[in-house]
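What follows is one structure encoded as structure tokens, with my remarks underneath.
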Amino acid sequence: MEMANLGKLKVLILGSGGREHALLKACLKSPKVSEVIVAPGNGGMALEARCLNVDLTKPADILNLVRKQGIEFVIVGPEIPLAHGVVDVLEAAGILTYGPLLAGARLEASKAFSKDFLFRHKIPTASSQTFQKLDAAVEYIRHQSLPIVIKASGLAAGKGVVIATTLAEAEQALRDMMQTKIFGSSGDEVVIEEFMQGEEASIMLMVCGEEYLMLPPSQDHKRVGEGDTGLNTGGMGAYAPTTVVTPEVERRLREEIIVPTLKGLKADGIDYRGTLYVGIMVTSTGPRVVEFNVRFGDPECQVLLPLLETDPVEIMLAIAAGTFRSSNAQLRSGSTIIVVLAAGGYPGDIRKGDEIKLPANCPADVHIIHSGTQRLADGRVVTAGGRVLGVVAHAATLSEAAQKAYRIIPTIQFEGMHYRRDIGYRQLKRNAGK
Ligand code: AMP
Ligand code: GLY
């Protein structure tokens, strides 16, 4: 991908979740990387790389760290630094960076902006209206059918969406967001949307202008309980590929969603380089956009990087440099799964500080990814967040990958640990032809 002239680089990964731990593992394997630093990192990453503290909302602080450490390539994991314009600041300073500029990051940072983008470019999505005034929003929902979807326009860590089945619930959601401001200024504007029926899939694109690589379609499991019951979480597990995206759905996805999105970005003067996550609903009338995110999904990233035959770092470097050609990137066969091990109480008030016992070694193609963990000065690793660990396994088939992942879980222990035993169930059912 014409990056050979760069030699080996000193890389910084921004973020502290499972996604970033997976990116770290990719960097540690990459022949393009001489050294990796993570900021801020977590307990697992601290065992594999140097972790430094930084405020992800402060691009100037990040630039200082980059200069002080002699970093040559920055990979941005989460949306927060992107929404604060970190790529604009680093690129202006001549630092190669993987992730979109602020103009592109708005696709995730403002749902009002992304809905407007979708409508202007005639990309299939739920019909919706945007409101800044509570009274007008309340008046509007009285004339809509149920269920109805209420979304805080700004960033809300995946919690800003309410699917209301009654008018009272919808009105309460509007009051919570616009009056009580439970998501702060992210609720200054709300998007009220038609409910779409269907099965969701996560489409991860590695984008360089109009050139893109579509990673295998994956599915997240957002609810805490088996059979998709209980409260919403950041994601309790994922697998890839999913055949809910049939060849026909994929054709329509590329023609009706991906190509118009990349052309639309260009037409709007946005030079998009980085991951574009298109959340889709596969409906009876075809795929429709649920949302855009401007970074890898977590936990989707953890199952997608192992499905790349080509070095992911090489792809990210070529995208950052604007030289990427998708024909140079190869995917790997087989299936991957991640089962998330969550802290007691998650997704509510969680326990923290419990010691984690890990197996001494893992079989080939099984990895333990850290999310909410912390390494203490005495070397012990303890729980420090809701999603604590993820067990990733790769195999020829999903059912073998699931067996590999679930087999290792009993060797992992921490107080209050819970996980879903049915990750991948929709696909396993499809595979069984039921
Ligand atoms: P978002 O943050 O926009 O992805 O919304 C979070 C979740 O809410 C999605 O992953 C869907 O499960 C659900 N959701 C959002 N919008 C809709 C919609 N219009 N129809 C049905 N479900 C939706
Ligand atoms: N897994 C959903 C997300 O990363 O937003």
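Predicted model, so just to flag it, every value in this text is computed and none were measured. As the structure lists them, so they are numbered: ligands from 1, and atoms in each ligand from 1.
Between His418 and Tyr346, the ring planes lie tilted relative to each other; the angle falls in the 30° to 60° range.
Within the 4.0 Å heavy-atom criterion, both parts of Met196, backbone and side chain, lie near ligand 1.
Proximity to Lys111 (heavy-atom distance under 4.0 Å) selects the following atoms of ligand 1: 1 (P), 2 (O), 3 (O). Ligand 1 places these atoms under 4.0 Å from at least one heavy atom of Ala126: 19 (N).
Of the listed residues (Arg288, Lys111, Lys115), just one forms a salt bridge (charged side-chain N to carboxylate O under 4.0 Å, His left out) with Glu193, and that residue is Lys115. When the options Arg420, Lys222, Arg223 are evaluated for a salt bridge (charged side-chain N to carboxylate O under 4.0 Å, His left out) with Asp228, the one that passes is Arg420.
A heavy-atom distance below 4.5 Å is found between the side chains of Ile141 and Ile148. Counting only heavy atoms from C-beta outward, the side chains of Leu276 and Met206 never approach each other to under 4.5 Å. Val244 has its side chain out of reach of Val249: every pair of non-hydrogen atoms, C-beta onward, lies at least 4.5 Å apart.
Formation of a donor-acceptor pair under 3.5 Å by the His21 side chain with backbone atoms of Leu389 is not found in this model.
For atom 10 (O) of ligand 1, the candidate residues are Met281, Arg223, Glu108, Glu200; the nearest heavy-atom contact is made by Glu200. For atom 19 (N) of ligand 1, the nearest non-hydrogen atom from the set Arg288, Glu193, Lys151 belongs to Glu193.
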Walk me through it: do Glu300 and Arg19 pass the test salt bridge (Lys or Arg N to Asp or Glu O under 4.0 Å)? CA-CA 8 Å; Glu300 290 94 326; Arg19 166 183 49 212; over 6 Å; no
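Side-chain atoms of Glu211 and Ser326 include a donor-acceptor pair closer than 3.5 Å.
Scanning all protein heavy atoms for the shortest distance to atom 1 (P) of ligand 1 gives Glu291 OE1, 3.3 Å. In this structure, atom 23 (C) of ligand 1 lies nearest to the protein heavy atom Ile163 CD1, 4.1 Å. Of the protein's heavy atoms, Val161 CG2, 3.3 Å lies nearest to atom 5 (O) of ligand 1.
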Short N or O contacts of ligand 2 with protein, under 3.5 Å, listed by atom name?
residue	atom	partner	partner atom	Å
ligand 2	1 (N)	Asp220	OD2	2.8
ligand 2	1 (N)	Asp298	O	3.1
ligand 2	1 (N)	Glu300	OE1	2.7
ligand 2	1 (N)	Glu300	OE2	3.3
ligand 2	4 (O)	Arg295	NH1	2.8
ligand 2	4 (O)	Asp298	N	3.0
ligand 2	5 (O)	Arg295	NH1	3.3
ligand 2	5 (O)	Arg295	NH2	3.1

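Using 4.0 Å as the threshold, Lys222 has a heavy atom nearer than that to some atom of ligand 1.
No salt bridge links Lys58 with Asp61; every basic N to acidic carboxylate O contact stays at or beyond 4.0 Å.
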